[in-house]
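Hydrogens, waters and symmetry mates play no part in the numbers below; they use all other heavy atoms, side chains included. All chains are named by letter (A, B, ...) in the order of the sequence lines, taking the proteins before the strands, and each is independently numbered beginning at 1.
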Amino acid sequence: MGQLVNSDNRMPGADKEADLTERIEAFLADLKRGGCGTGPIRGSGETARETTALLRKVTAQARWSSAGDLMEIIRKEGRRMTAAQPSETTVGNMVLRVLKIIREEYARSRGSSEETDQQESLHKLLTSGGLSEENFRQHFVHLKANVIEAINELLTELDGTTDNIAMQALEHIHSNEVIMTVGRSRTVEAFLKDAARKRKFHVIVAECAPFCQGHEMATNLSKASIETTVIADAAIFAVMSRVNKVIIGTQTVLANGGLRAVNGTHTVALAARHHSTPLIVCAPMFKLSPQFPNEEDTFHKFVSPHEVLPFTEGEILSKVNVHCPVFDYVPPELITLFISNIGGNAPSYIYRLMSELYHPEDHDL
Amino acid sequence: MADCGEPDGPGNKDDITRSKNEGKELSKEEKQRLRKQKKQQKKQKERKNEKSETEKEKTPVSLLPPPRPVATQKAPSALPAPASAPIPVPASAPFHSSPAPSPADKPAKSKAELKAERRARQETDRAAKQPGSSSSGIKTKVPLSELNPVVKRLPEHVQVDDPAVVKRLAKKLERQQIPLRSDYGYKVSLFSHLHQYSRKAPLTQQLSIPSTVIHPSIVRLGLQYSQGIVAGSNARSVALLHAFKQVIRDYTTPPNEELSRDLVNKLKPYISFLNQCRPLSASMGNAIKYIKKEISNIPSQCKEEEAKTKLLTCIDRYIEEKIVLAAKAISKYAIEKISDGDVILVYGCSSLVNNILCEAFEKSRKFRVIVVDSRPRLEGREALRRLVQRGISCTYVLISALSYILPEVSKVFLGAHALLANGYVMSRVGTSQIALVARTFNVPVLVCCETYKFCEKVQTDSFVSNELDDPDDLMVTRKGKTQLENWQDVSSLGLLNLVYDVTPPDFVDLVITDLGMIPCTSVPVVLRVKNLDQ
């Protein structure tokens, strides 16, 4: 907790430290509150940016002498942040990105090429015989500056993700199409608005009970003069036969190419597969997470069931189990294409992208 | 082929008819020209041109989009192409002009044959001009093949985009003194052929008090339908039959009228009124057919009191047999399918499925139920209340959580609004989704449906014939904010509130009816057996 109170005359070093701790605490508290399932109060893009900015501050202000120390500090902070809100995976992803950056900068400073350190070919595993010799103990003068510069680059990349994805819209949407989407995704909204500047098409939005975020999406789209229709969740299969494409956003892209998306997405994916309609996922790269969907009990997140069965139904409430899950798992076979800020990819390629973004030793924080 | 141009056509025809009148035999070129003209005129008609060249008649063409099996009021125009009747009229020369590009071997016509032809044509035209008998007029003249190609009249409520049909309905309602209900709100373009009414403007507001045309119990029933107080296929049919019983009790035959004919005519405006309040369901349609048949079968020498008691007992027997006893039979079969330890998923509120579950629970089967519900109707809450009152342990989720809950489920029981003749199940919107996801998880899907809900219609998607509910129902207020509050003001925003959808038969594993457990594809067999019985 932040022990020192803000006052004007303090030691500069202690001041910065207190400031930093305060910011981290504020961020954690916000995470705990913000992920209450009614949709993030901040979008995941903002979360990613906040996390990266915080990590940059930690790099700049914390006391460390070698890359190994820095990585330890960042890992510690990262564990705290992911523990605050486990379902908000962008936080963990950004921590892993920063760790990868540190490793790269360290390797570059040492002068060795990056590739030989990264890949674990079978040959290397056999010949190296155990853990690698890297312990990141060497001290380099310019490491700090390099790392901070690299993190700045990461921040600029994060700023431009939505625009990068939206720029690809015209390649995927032709005129007079009927597009279906589910719930509310800022990425998909920007995607569709960008395409609407040049093409005319029709959008069907499934409202996605019980939070009904689809309503907000529909109002935003219709303000941009896109022909929008709102349907209830129950009508998804009924109207799917007239839909040409399904474009959705997601909360997380899992390591096997599957999705953890808002509930109801699995139904949409199944209906799309039944009618052979392509399913396109617009997801920026910071949503890619090295988790696999194996852990049944940690995969799902639930919120208060009064959204589903309100307290006005009092007399039966005590005798009924009510579930209100927030996320759905969509297996990679149902997905046709991922559109991210680095271009379009098939789900089978996701594992490769992951190895470029994160180092395998960091996967378990 | 386009050598005899269209402007030439009428002139040529006049020539030909004149030459016929003069008794001249048609030469080969004239015959060929005839055939070409017929072809072109057929093409012109298909392009929706008004045909009025022939001097014989100028019956108005009711314009309808390409789907051919529609009875039109158009009589076949004299010489050339057929009405858009899909009946392949064989070229039997002696009786009428062979319409289409007829086979090349046209027999040479003698003077007498031509005269007979002309007379026959005039007969058909005169018959066609009589209102209401047009289609039957055409049909009786044609030697029918064995499998009757059925010319069905398309119901009005799926032709809202056709102004002629709408006008015809307005006239009919005016004649019956029933107010016409106006559509509400912006309709999604895919559904412009269906009505969309608002619940806040019920039809009864436009009725004068006291209404002499419509019986008060029918007025009350109509209001209950349109406000959703009476909902659900069985409930609506039973309420309808009870209202009709009241009508029959209060009925007196006017002098010089026969009960069997007059009562049917009295019922027609009531049915139109109820249709305006809320489109009739398939079960209601079958019930009405049964009542009309019973009424018309009353012998004329029967006294009024006797006839009325007979009708009342008929109706009671119908309800007892088709609904109450059928439910018992279905429960008996369905309980065989429920085993101990089952987790059963149900959707919405189906009276039949609730009945089955309650009976199974009374027979001490150990199972638990998952009730799936959907916005905006939220009918599942009613089912939940009924089941919890009996003491059945229940879980409640919304339909978007279906993929989460299905791995726990061992069976899915669904109710149906109607079973169509091609094996599709028409039911509350969302049913097809549940069947789809259940099939993906390899969970068996059982549909429970009484036989009186089977209907002759065929449908492959949920668009061509459906019901659009009040679009304002989709609005919701969360945290004090209603996102879609002013959706009417935004021109590019539409709300769609479907009521029904159709489930393909490959998603359904078994249909449990009072006749037994049948696969979905056996529905036309049951219909045929029922028709033979009647």
Side-chain angles (χ1 to χ4, degrees), chain A residues 38 178 182 202 204 206-219 221-239 241-242 262-267 269-271 273-274 300 305 307-309 313 315-316 319-325 327-330, chain B residues 188-190 347 370-371 373-377 381 384-385 388-389 391 393-405 428-437 440 461-463 466 471 473-476 478-479 482-484 486-487 490-498 500-503:
Chain A
T38 55
V178 178
V182 182
H202 191 122
I204 298 180
E207 67 177 3
C208 209
F211 309 116
C212 293
Q213 293 193 307
H215 292 188
E216 205 182 329
M217 176 87 157
T219 16
L221 287 177
S222 57
K223 286 202 187 109
S225 326
I226 303 178
E227 285 282 332
T228 322
T229 305
V230 179
I231 61 168
D233 294 334
I236 287 177
F237 185 78
V239 303
S241 51
R242 292 294 170 275
V262 74
N263 67 341
T265 313
H266 190 217
T267 312
L270 286 173
R273 203 236 329 239
H274 181 262
H300 281 288
E307 311 269 358
V308 174
L309 194 60
E313 304 282 333
E315 62 260 13
I316 47 176
K319 307 180 193 140
V320 176
N321 295 328
V322 183
H323 295 292
C324 187
F327 297 124
D328 238 354
Y329 170 62
V330 181
Chain B
V188 179
S189 57
L190 283 170
Y347 176 60
I370 299 182
V371 179
D373 203 7
S374 76
R375 280 196 75 237
R377 285 180 163 235
R381 291 195 188 163
L384 192 64
R385 261 177 241 128
V388 168
Q389 267 174 11
S393 63
C394 297
T395 309
Y396 179 78
V397 287
L398 287 182
I399 198 172
S400 38
L402 194 59
S403 310
Y404 164 71
I405 204 91
R428 188 65 85 219
V429 67
T431 313
S432 52
Q433 225 164 288
I434 295 199
L436 168 77
V437 185
T440 316
D461 61 21
S462 324
F463 291 84
N466 207 327
D473 286 344
L474 281 180
M475 297 199 291
V476 71
R478 297 195 81 243
K479 302 187 176 174
T482 313
Q483 285 287 344
L484 295 176
N486 304 317
W487 70 275
V490 185
S491 61
S492 42
L493 184 58
L495 300 185
L496 185 61
N497 191 357
L498 286 178
Y500 297 118
D501 73 3
V502 284
T503 310

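- Of the listed residues A/T267, A/V182, A/V178, the one with more heavy-atom pairs under 4.5 angstrom with chain B than any other is A/T267.
- Taken from OG1 in B/T440 to CG in A/L270, the straight-line distance is 4.0 Å, to the nearest 0.5 Å.
- B/S403 and A/H266 get closest at one heavy-atom pair: OG-ND1, 2.9 Å.
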Passes side-chain contact (heavy atoms from CB on, under 4.5 Å), B/S374 versus A/D233? Steps please. CA-CA 7 Å; B/S374 76; A/D233 294 334; 6.0 Å; no

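- A/L309 has its side chain within reach of B/L384: a pair of non-hydrogen atoms, C-beta onward, lies under 4.5 Å apart.
- Interface remark: A/L221 contributes no atoms to any contact with chain B (heavy atom separation under 4.5 Å).
- Heavy-atom distances place both the backbone and the side chain of B/V429 under 4.5 Å from chain A.
- Using a 4.5 Å cut-off between heavy atoms, A/V262 makes no contact with chain B at all.
- Of all the listed residues (B/V397, B/V388, B/L436, B/L402), the one sharing the greatest number of non-hydrogen pairs under 4.5 Å with chain A is B/L436.
- Counting only heavy atoms from C-beta outward, the side chains of B/L493 and A/V230 approach each other to under 4.5 Å.
- Once rounded to the nearest 0.5 Å, the distance linking CD of B/Q483 with CE of A/M217 reads 12.5 Å.
- Under the ring-ring contact (aromatic ring centres under 6.0 Å, His included) criterion, B/Y404 pairs with A/H300, A/F302, A/H323, sequence neighbours left out.
- Between A/E307 atom CD and B/R478 atom CZ the span is 4.5 Å, to the nearest 0.5 Å.
- Interface summary for chain B: among A/R242, A/E216, A/K319, A/E227, the most heavy-atom pairs under 4.5 angstrom belong to A/R242.
- For a residue to count as touching a neighbouring chain, one of its non-hydrogen atoms must lie under 4.5 Å from one of that chain's; by this rule A/S241 touches chain B with the side chain only.
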May I have the step-by-step check of side-chain contact (heavy atoms from CB on, under 4.5 Å) for B/V490 and A/T219, ending in yes or no? CA-CA 8 Å; B/V490 185; A/T219 16; 5.7 Å; no

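- Counting heavy-atom pairs under 4.5 Å between each of B/L496, B/D501, B/L495 and chain A puts B/L496 at the top.
- When heavy atoms are compared at a cutoff of 4.5 Å, B/I434 does not approach chain A at all.
- Only the side chain of B/L498 has a heavy atom closer than 4.5 Å to any heavy atom of chain A.
- Of all heavy-atom pairs between B/S400 and A/A209, the closest is OG-O, 3.0 Å.
- With rounding to the nearest 0.5 Å, the separation of OG in B/S492 from NZ in A/K223 is 10.5 Å.
- We find the CG-SG distance between B/L474 and A/C212 to be 8.5 Å, quoted to the nearest 0.5 Å.
- Interface summary for chain B: among A/S225, A/A238, A/A206, A/A218, the most heavy-atom pairs under 4.5 angstrom belong to A/A238.
- Contacts between A/E207 and chain B at a heavy-atom distance below 4.5 Å involve the side chain alone, from C-beta outward.
- Only the side chain of B/Y347 comes within less than 4.5 Å of a heavy atom in chain A; its backbone stays farther off.
- Chosen from A/H202, A/H215, A/R273, the residue pairing most often with chain B at heavy-atom distances under 4.5 Å is A/H215.
- When each of B/T482, B/D373, B/V371, B/L398 is checked for heavy-atom pairs under 4.5 Å with chain A, B/L398 comes out on top.
- With a 4.5 angstrom heavy-atom cutoff, B/D461 touches chain A only via side-chain atoms.
- Remark: B/R375 CZ is packed, more than 12 non-hydrogen atoms of other residues, nucleotides or ligands lying under 6.0 Å away.
- With a 4.5 angstrom heavy-atom cutoff, A/D328 touches chain B only via side-chain atoms.
- Ranked by heavy-atom pairs under 4.5 Å with chain B, the first of A/V320, A/V322, A/I226 is A/V320.
- With sequence neighbours excluded, the residues that form a ring-ring contact (aromatic ring centres under 6.0 Å, His included) with A/H274 are A/F237, B/F507.
- In this structure, the separation between CG on A/N321 and CD1 on B/I405 is 9.0 Å, given to the nearest 0.5 Å.
- Interface residue B/S432: backbone and side-chain heavy atoms are both found under 4.5 Å from chain A.
- Considering only heavy atoms from C-beta on, B/F463 comes within 4.5 Å of A/V239 through its side chain.
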